[in-house]
Visitor: 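I have a structure I would like to understand better, so I am pasting it below and will then ask my questions one at a time.
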Amino acid sequence: MRGGLVAGGAHGPEHLRALTAVVLDALAEAAPARGGPLPAGGPEAVAQSTRALCSPVLPEEGIGPEAALGDLVRAVAEGAADPADPACVAHLHCPPLAVAAAAELAGAALNPSMDSWDQAPAAGVIEELTTAALARLVHPTAPAPDALITSGGTESNLVALLLARERAAPGPLRVVTGANAHHSVHRAAWMLGLPAPTVVACSDGRIDPDALDRALAGLAGAPLLVVATAGTTDEGRIDPLPEIARIAERHTAQLHVDAAYGGPLLFSDRLAAQLAGLEQAATVTFDLHKLGWQPVAAGVLAVADAAMLAPLSLRADYLNADDDTEAGLPDLLGRSIRTTRRPDALKMAVTFRALGRRGLGELVEHCVRTAHEFGRAVDAHPQLRLRPGGIGISTVLFRPAVADALSDEAGDAVVAAVRRTLLAEGRAVLGRAVAADGDGRSRLWLKATLLHPNAATADLLPLLDLVTAAADRAVSEPAEDRGEIRGVREASAADGTEVPGRERLSP
Ligand SMILES: Cc1ncc(COP(=O)(O)O)c(C=O)c1O
C-alpha cells in the first residue's frame, strides 16, 4: 500500500519528494486563502471548517497519502495562527526559520531516538556538540559546564528544581521566586513534592532585591533555591541578576535563572551585557523556540557543572547495559528525564552553522530594535498609550486611550474586547497582560511580543489602527453587535465570504 512507504532508507527521499511537494503546495495555497494572521470566525467557524476537511480522521479505508496530506495540511494551515504574519504577536511563539524547518524533515525521516547510541549514533554526537556550545555560551568560565536538550522551558524548570532538590537532600528544598515567575516554576515544585514556592514582590515587573533578602532570611536554616527570570512572560523584564546572585550567595541559596525568553540575548555582542550575572546561576533555562526561531520543541537546560546531572543517570539493560558502556558505547539515558526523544539538536546545529553566533545575534537585535521603534510609534499615537516603564526585551504593552476614560473595570473590559474582536475577525493576534500602570494600579494591557526576525516596523504599524478602530467599536457598540468571538461566524472565510476591510499586513 503506497501510504505504507517509509521515509528513510535508499528510497525514502524519492517517497518524500513527491509527498513534500503536496505539503508545500497545500501550504502555499493556504496562506492566501486564510488571508491574515489567523482564520476569521472564531473557534466555532474554525472547528467547523477543520472538521469538514479532516473527518473521519480514522476512516475504515484510507484515502491515500496525497489526498490525506492535502486535506489535513490545508486544514491546519488555513486554520493556523501563523507567527510568520507580522500581526501574530500574542505569545513567545516565533516564526521558525526555513533552514530549521528543513532540518526537521531530515530528523523526521531518519527518526533517531536520543536515548541510546544504537538509535542515534551521529545524532548523539551532534547533540553533544550542540549542548557543549550552548553550555559554554551560558557559563563561559565554568570548568565543566554542560547542557541538556529539553522539550522547552517547562521541562527545563522542572529538571532544574529536581536537580536542586537532589543537591539539597534530605531537604526539604524551599523555592523562593518572584511574583513575575512563569507558572511552570510553581507546577514543578508541586510535581516534585516540594513546599509551594515563597513568592517575592516585584517592582516594575522585576524581583525586588530587598524583598528577596527578607524572604530568604525568613527561611534561614532550610536548603534554598532562588528562581529568577531573564525575560518575563508578560513584560519581558530581566530580574536584577548580579544583585540576586549576591543575595543568594549571602544566604547560601542555590540560583536558577529562567532565561527561556532572554537567553538568546547572549548571541548578541551588543545585548549580552543585559544578562550579566547569568553565569553565576547553577542552572539556566534557555529556549530556542522563542527568540531562537526553531520549530517546537527546542529547549535547553544549562548547568554550571556537569556533575550536577548525576541524579539523572540510571541503568536500563536494554539501553545502556554496563558491559556496553564499558565497551565504549556512549550512555545517553542520563541526558534527560524522558526516554524516547526527538533529535531536536539537529535543527539547532544546522541553524547555528548556517547563521553563526553573529547572524543569530543580528536577528535578536532586529527584534529588540523593532520593539523599541514600535513602542515609539505607540507612544506618538494620540489614541494609544504605551505602558510606562519601557520595553522589556521585545515585548510592548499598550492600551487604547479610550479605555483610560472609563472605570478600571470597564477600561480593562475594553482592552479584552479589542483583543477578542481582532481574534474573531482574523485581523490580529495580540496578547494580554495584567501589569502595574504608572499610578501603581494593575491594569490590563495589550501585549505585542515581537519575535519576527524579518518584519520591519512599517509592517507592524497597521496594528495600531486596527486596535484604535476596535476600541472605538468596543465603547460605542454593544458586545452582541460586535460579535467578539461567536457572532462573526456569518462573515467568516469558512463560508467563503470575506470579512470587510480585512487586508493582510505585508510580511
Ligand atoms: C519565562 C518563561 N519560562 C518558561 C516558559 C515555558 O516554556 P515552554 O512553553 O517552552 O515550556 C515560558 C513560556 O512562555 C516563559 O515565558
Visitor: Report the distance from atom CG of Leu266 to atom CG of Leu137, rounding to the nearest 0.5 Å.
Guide: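 Those atoms lie 4.5 Å apart.
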Visitor: For the residue pair Arg399 and Leu446, establish whether any side-chain heavy-atom pair is separated by less than 4.5 Å.
Guide: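 A side-chain contact under 4.5 Å is absent here.
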Visitor: Write down the atom of Val200, the atom of Ala215, and the distance for their closest heavy-atom approach.
Guide: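 Heavy-atom minimum between the residues: CG2-CB, 3.8 Å.
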Visitor: Decide yes or no for Leu355 and Leu363: does some side-chain heavy atom of the first lie under 4.5 Å from some side-chain heavy atom of the second?
Guide: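 Yes, close enough: below the 4.5 Å cut-off.
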Visitor: Are Leu173 and Leu224 close enough, and set up right, to give a side chain to side chain contact (heavy atoms under 4.5 Å, CB included), and what steps lead you there?
Guide: CA-CA 6 Å; Leu173 180 74; Leu224 299 168; 5.7 Å; no
Visitor: Any chance the side chains of Asn180 and Asp239 put a donor and an acceptor closer than 3.5 Å?
Guide: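 Looking only at side-chain atoms, Asp239 and Asn180 do form a donor-acceptor pair, the distance falling under 3.5 Å.
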Visitor: Go through the steps to decide whether Arg443 and Asp437 satisfy the test salt bridge (charged side-chain N to carboxylate O under 4.0 Å, His left out), and finish with yes or no.
Guide: CA-CA 6 Å; Arg443 295 206 165 84; Asp437 205 341; 2.7 Å; yes
Visitor: Look at the side chain of Ser313 and the backbone N and O of Ala310, then say whether any donor-acceptor pair between them is shorter than 3.5 Å.
Guide: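 Pair found, side chain donor or acceptor close to backbone of Ala310.
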Visitor: I'd like to know if Glu128 pairs up with Arg335 as an ion pair, taking the criterion as any Lys NZ or Arg NE/NH1/NH2 lying under 4.0 Å from an Asp or Glu carboxylate oxygen.
Guide: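 Arg335 and Glu128: not salt-bridged.
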Visitor: With a 4.0 Å cut-off, would you call Glu235 and Lys447 a salt bridge?
Guide: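 Result for this pair is no, no salt bridge flagged.
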Visitor: To the closest 0.5 Å, what do you measure between CH2 (Trp445) and CG (Asp412)?
Guide: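 Between Trp445 CH2 and Asp412 CG, I get 9.5 Å after rounding to 0.5 Å.
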Visitor: Between Ser49 and Glu78, do the side chains contain an N or O donor and an N or O acceptor separated by less than 3.5 Å?
Guide: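 Their side chains do not contain a donor-acceptor pair, so the 3.5 Å distance test is not met.
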Visitor: Hey, are His251 and Asp213 close enough side-chain-wise for a donor-acceptor pair under 3.5 Å?
Guide: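 Yes, side-chain donor-acceptor contact under 3.5 Å.
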Visitor: Are Leu27 and Val23 packed together at the side-chain level, in the sense that at least one heavy-atom pair is separated by less than 4.5 angstrom?
Guide: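 Yes. Closest side-chain heavy atoms under 4.5 Å.
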Visitor: Is there a side-chain contact between Leu275 and Ile238 (heavy atoms, below 4.5 Å)?
Guide: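 Contact flag for Leu275/Ile238 side chains = yes.
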Visitor: Have a look at Asp258 and tell me which of Asn157, Thr285, Thr229 forms a side chain to side chain donor-acceptor pair (under 3.5 Å) with it.
Guide: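 Answer to the side chain to side chain donor-acceptor pair (under 3.5 Å) test with Asp258 among Asn157, Thr285, Thr229: Asn157.
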Visitor: Please walk me through it: do Leu319 and Gln119 pass side chain to side chain contact (heavy atoms under 4.5 Å, CB included)?
Guide: CA-CA 10 Å; Leu319 292 171; Gln119 299 176 87; 3.9 Å; yes
Visitor: Working to the nearest 0.5 Å, report the span between OG1 of Thr154 and NE2 of His182.
Guide: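 Output value for this atom pair is 5.5 Å.
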Visitor: Nearest 0.5 Å please: distance from the CG atom of Leu423 over to the CG atom of Leu430.
Guide: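 It comes to 8.0 Å.
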Visitor: Do Val89 and Val429 touch side chain to side chain, with heavy atoms closer than 4.5 Å?
Guide: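 No; the side chains remain at least 4.5 Å from each other.
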Visitor: Could you grab the distance from atom CG of Leu225 to atom CG of Leu219, nearest 0.5 Å is fine?
Guide: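 Those atoms lie 12.0 Å apart.
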Visitor: Could you check whether any side-chain N or O of Asp305 sits under 3.5 Å from a backbone N or O of Ala307, counting only pairs where one atom can act as donor and the other as acceptor?
Guide: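 Between the backbone of Ala307 and the side chain of Asp305 there is a qualifying donor-acceptor contact (under 3.5 Å).
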Visitor: Looking at Ala321, is its backbone amide N or carbonyl O close enough to the side chain of Thr325 to form a donor-acceptor pair, meaning the two atoms are under 3.5 Å apart?
Guide: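 At least one qualifying donor-acceptor pair exists.
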Visitor: Val226 and Ala253: which non-hydrogen atoms are nearest, and at how many Å?
Guide: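 Reported closest heavy-atom pair: CG2-CB, 4.0 Å.
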Visitor: Got a donor-acceptor contact below 3.5 angstrom from the Glu127 side chain to the Ala123 backbone?
Guide: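 Looks like no, no N/O pair under 3.5 Å.
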Visitor: Evaluate the side-chain proximity of Arg357 to Asp269: yes if any heavy-atom separation is below 4.5 Å, no if none is.
Guide: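 Heavy-atom side-chain distance check passes, below 4.5 Å.
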Visitor: So which heavy atom on Asn454 is nearest to which on His366, and how close?
Guide: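 Looks like C-NE2, 3.7 Å.
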Visitor: Distance alone, cut at 3.5 Å: any donor-acceptor contact between the side chains of Thr232 and Arg206?
Guide: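 Looking only at side-chain atoms, Arg206 and Thr232 do not form any donor-acceptor pair under 3.5 Å.
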Visitor: Quick check for you: to the nearest 0.5 Å, what is the distance between Leu148 atom CG and Ser336 atom OG?
Guide: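 With rounding to 0.5 Å, CG (Leu148) is 7.0 Å from OG (Ser336).
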Visitor: Establish, from distance only, whether the side-chain atoms of Ser394 and Tyr261 form a donor-acceptor pair under 3.5 Å.
Guide: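 Yes.
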Visitor: Tell me if the CZ atom of Arg315 is crowded by more than 12 foreign heavy atoms within 6.0 Å.
Guide: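 For Arg315, atom CZ is crowded (more than 12 foreign heavy atoms under 6.0 Å).
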Visitor: Has the side chain of Glu326 got a donor or acceptor atom that lies under 3.5 Å from a matching backbone atom of Asp324?
Guide: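 Between the backbone of Asp324 and the side chain of Glu326 there is no qualifying donor-acceptor contact (under 3.5 Å).
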Visitor: Taking the side chain from Ser55 and the backbone from Val57, do they hold a donor-acceptor pair closer than 3.5 Å?
Guide: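 No; zero donor-acceptor contacts below 3.5 Å.
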Visitor: Would you name the heavy atoms of Leu16 and Ala7 that are closest together and state the gap between them?
Guide: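 Of all heavy-atom pairs spanning Leu16 and Ala7, the closest is CD1-O, 3.9 Å.
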Visitor: Considering only heavy atoms from C-beta outward, does the side chain of His93 approach that of Pro83 to under 4.5 Å?
Guide: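 Yes, their side chains come closer than 4.5 Å.
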Visitor: Do side-chain atoms of Asp234 reach the backbone of Gly236 as a donor and acceptor pair under 3.5 angstrom?
Guide: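 It does not hold such a pair.
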Visitor: Return the minimal non-hydrogen interatomic distance between His256 and Thr283, and the atom names on each side.
Guide: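 The answer is ND1-OG1, 2.8 Å.
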Visitor: Answer yes or no: is there a donor N or O on one side and an acceptor on the other, between the side chain of Asp146 and the main chain of Val303, under 3.5 Å?
Guide: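 A pair under 3.5 Å: no.
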Visitor: For the pair Arg341 (side chain) and Pro112 (backbone), establish whether a donor and an acceptor sit closer than 3.5 Å, ignoring hydrogens and angles.
Guide: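 Here the side-chain-to-backbone pair does not exist.
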Visitor: Given the rule in the side chain to side chain contact (heavy atoms under 4.5 Å, CB included) test, do Asp344 and Gln294 qualify, once you have shown the distances and angles that lead to the verdict?
Guide: CA-CA 9 Å; Asp344 289 319; Gln294 299 299 297; over 6 Å; no
Visitor: Between the side chain of Arg74 and the main-chain N/O of Ala30, is any donor-acceptor distance below 3.5 Å?
Guide: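 Not confirmed, Arg74 side chain does not pair with Ala30 backbone.
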Visitor: I'd like to know if Asp204 pairs up with Arg387 as an ion pair, taking the criterion as any Lys NZ or Arg NE/NH1/NH2 lying under 4.0 Å from an Asp or Glu carboxylate oxygen.
Guide: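 Yes, Asp204 and Arg387 are salt-bridged.
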Visitor: Looking at every heavy atom in both Ile247 and Pro209, which two are closest together, and how far apart are they?
Guide: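 Here Ile247 and Pro209 meet closest at CD1-O, 3.5 Å.
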Visitor: Going through the checks in order, is the side chain to side chain contact (heavy atoms under 4.5 Å, CB included) test met by Leu360 and Trp293?
Guide: CA-CA 9 Å; Leu360 280 162; Trp293 307 285; 4.1 Å; yes
Visitor: Are the side chains of Val159 and Ile337 in touch, meaning some heavy atoms are under 4.5 Å apart?
Guide: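 Sidechains of Ile337 and Val159: in contact.
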